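Down below is the structure, laid out as structure tokens.
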Amino acid sequence: LGRAVFDACFGLGRLQPLVDDESIENILVSGHDNVTVERADGTLWRVDPVADSDEELSDFLAFLAARADNPRSFTPSAPSLHMTLPGGARLAAARDTARISVVIRRHRVREVTLQDMVAWETLSPTMASFLRAAVRARLSIVVSGAEGAGKTTLLRALCAEIGPSEVLGTFESEYELFLHEMREQHHTVFAWESREGSGERGPDG
């Protein structure tokens, strides 16, 4: 009971145990009582409700967003929420669907290299060598793909090929790369995260 109260006040409420579970990669909520988790082995499991009602879950997410380091809104007029959770998980929520929806993605691998990806048989040695050369030649590289395809992991591996003394800047809607926390790998990183606008719009909309 004490842990539940602590999680409600300072953590992620009934979502906290799921986020803390190292075997879980994705948490999918389609209504407070329809919760599925995807484990690292790709299996899907139904788990207990994360609130007593959709309204309670919506209110808790609004509370969570408001107290974040980079506060966000989650209201009927701002029905979409995207934010980085403590620990680095990424949350996306919507309240303008038939039922409140929440997706939380956990990145189990933060520090990764192209050589690691070769060892995992994600990349061939030839492709890793080509990408390494492209980074060192300062070419522009576009990383694209479906959700969960490994875009962030690949981008981190590409960034690992940048010399540690190179000054870097990252621009993200929500922090996801966390290069600024890898002090040994990247000595100087200026990390920017987008902030919500105040509602004013320019002539172009």
Side-chain angles (χ1 to χ4, degrees), residues 1-21 24-39 44-108 110 143-152 155 170-178 180-181 191-205:
L1 178 61
R3 180 56 190 260
V5 172
F6 182 88
D7 288 345
C9 294
F10 304 106
L12 305 176
R14 286 154 71 174
L15 289 164
Q16 189 67 56
L18 301 178
V19 174
D20 289 340
D21 188 332
I24 294 175
E25 284 200 341
N26 296 308
I27 302 165
L28 312 170
V29 180
S30 179
H32 74 281
D33 55 353
N34 186 22
V35 185
T36 303
V37 298
E38 180 182 5
R39 300 195 179 275
L44 299 174
W45 296 78
R46 290 288 298 273
V47 295
D48 293 336
V50 292
D52 289 337
S53 67
D54 283 8
E55 183 179 5
E56 178 187 294
L57 178 58
S58 180
D59 289 345
F60 181 76
L61 290 171
F63 166 70
L64 193 66
R67 75 175 186 200
D69 291 339
N70 184 359
R72 309 286 170 118
S73 298
F74 191 53
T75 64
S77 59
S80 296
L81 173 65
H82 298 270
M83 63 182 292
T84 300
L85 301 174
R90 187 175 181 185
L91 179 147
R95 58 189 297 164
D96 54 353
T97 51
R99 300 194 66 186
I100 186 167
S101 61
V102 184
V103 176
I104 298 177
R105 299 196 59 213
R106 296 178 66 250
H107 293 286
R108 295 184 303 118
R110 184 170 290 193
V143 179
S144 66
E147 181 180 331
K151 299 183 295 297
T152 302
L155 188 52
T170 60
F171 299 82
E172 303 179 80
S173 55
E174 301 85 37
Y175 287 135
E176 193 168 12
L177 290 174
F178 295 103
H180 57 286
E181 295 185 1
W192 280 273
E193 183 181 47
S194 67
R195 299 179 63 182
E196 278 196 341
S198 57
E200 297 97 344
R201 295 183 182 274
D204 61 353

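Please read these numbers as outputs of a predicted model, since none were measured by experiment. In this chain, numbering begins with 1 at the start of the sequence shown.
Annotation: F63, atom CZ; neighbour count of heavy atoms from other residues, nucleotides and ligands within 6.0 Å is above 12. A 6.0 Å sphere centred on CD of E181 holds more than 12 heavy atoms belonging to other residues, nucleotides or ligands. Enclosure of atom CG in D96 by more than 12 non-hydrogen atoms of other residues, nucleotides or ligands within 6.0 angstrom is indicated.
Between V103 and V29 there is no side-chain heavy-atom pair separated by less than 4.5 Å. Side-chain atoms of L28 and V37, non-hydrogen and from C-beta on, never get closer than 4.5 Å to each other. Within the 4.5 Å cutoff, the side chain of I104 has no heavy atoms near those of the I24 side chain. Taking 4.5 Å as the limit, some side-chain heavy atom of T152 sits within range of a side-chain heavy atom of L177.
The aromatic rings of F171 and W192 lie parallel to each other, with less than 30° between the two planes, well short of the 60° mark.
Within the model, atoms OG of S53 and CZ of R99 stand 9.5 Å from one another, a figure rounded to the nearest 0.5 Å. To the nearest 0.5 angstrom, T84 atom OG1 is 10.5 Å from D69 atom CG. The distance from atom CZ of R72 to atom NE2 of H82, rounded to the nearest 0.5 Å, is 9.5 Å. Interatomic distance, F60 CZ to R14 CZ, rounded to the nearest 0.5 Å: 10.5 Å. The CG atom of L15 sits 6.5 Å away from atom CG of L57, with the distance rounded to the nearest 0.5 Å.
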Verify side-chain contact (heavy atoms from CB on, under 4.5 Å) between L91 and L81, making sure each step is shown before the conclusion.
CA-CA 8 Å; L91 179 147; L81 173 65; 3.8 Å; yes
Checking side-chain contact (heavy atoms from CB on, under 4.5 Å) for the pair D7/L12: CA distance, chi angles, key distance, verdict?
CA-CA 6 Å; D7 288 345; L12 305 176; over 6 Å; no
List the steps and the verdict of salt bridge (Lys or Arg N to Asp or Glu O under 4.0 Å) for R90 and E176.
CA-CA 7 Å; R90 187 175 181 185; E176 193 168 12; 2.5 Å; yes
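Residues G11 and L64 approach most closely at O-CD1, 3.7 Å, considering heavy atoms. Smallest separation of non-hydrogen atoms from A8 and R67: O-NH1, 4.3 Å. Nearest heavy-atom pair, N70 versus S194, reported as atom, atom and distance to 0.1 Å: ND2-O, 2.8 Å. The two residues Y175 and E193 make their nearest non-hydrogen contact at N-OE2, 3.1 Å. When all heavy atoms are compared, the tightest approach of I100 to F74 is CD1-CE2, 4.0 Å. In terms of heavy atoms, A89 sits closest to R106 at CB-CG, 4.1 Å.
Partner of R39 under the side-chain contact (heavy atoms from CB on, under 4.5 Å) criterion, chosen from N26, L44, D21: D21.
Using a cutoff of 4.0 Å between basic side-chain nitrogens and carboxylate oxygens, D54 and R95 are not scored as salt-bridged. A salt bridge is defined here as a Lys NZ or Arg NE, NH1 or NH2 lying under 4.0 Å from an Asp or Glu carboxylate O, and R46 with D33 fails to meet this definition.
Residues T75 and S77 bring a donor and an acceptor atom of their side chains to less than 3.5 Å of each other.
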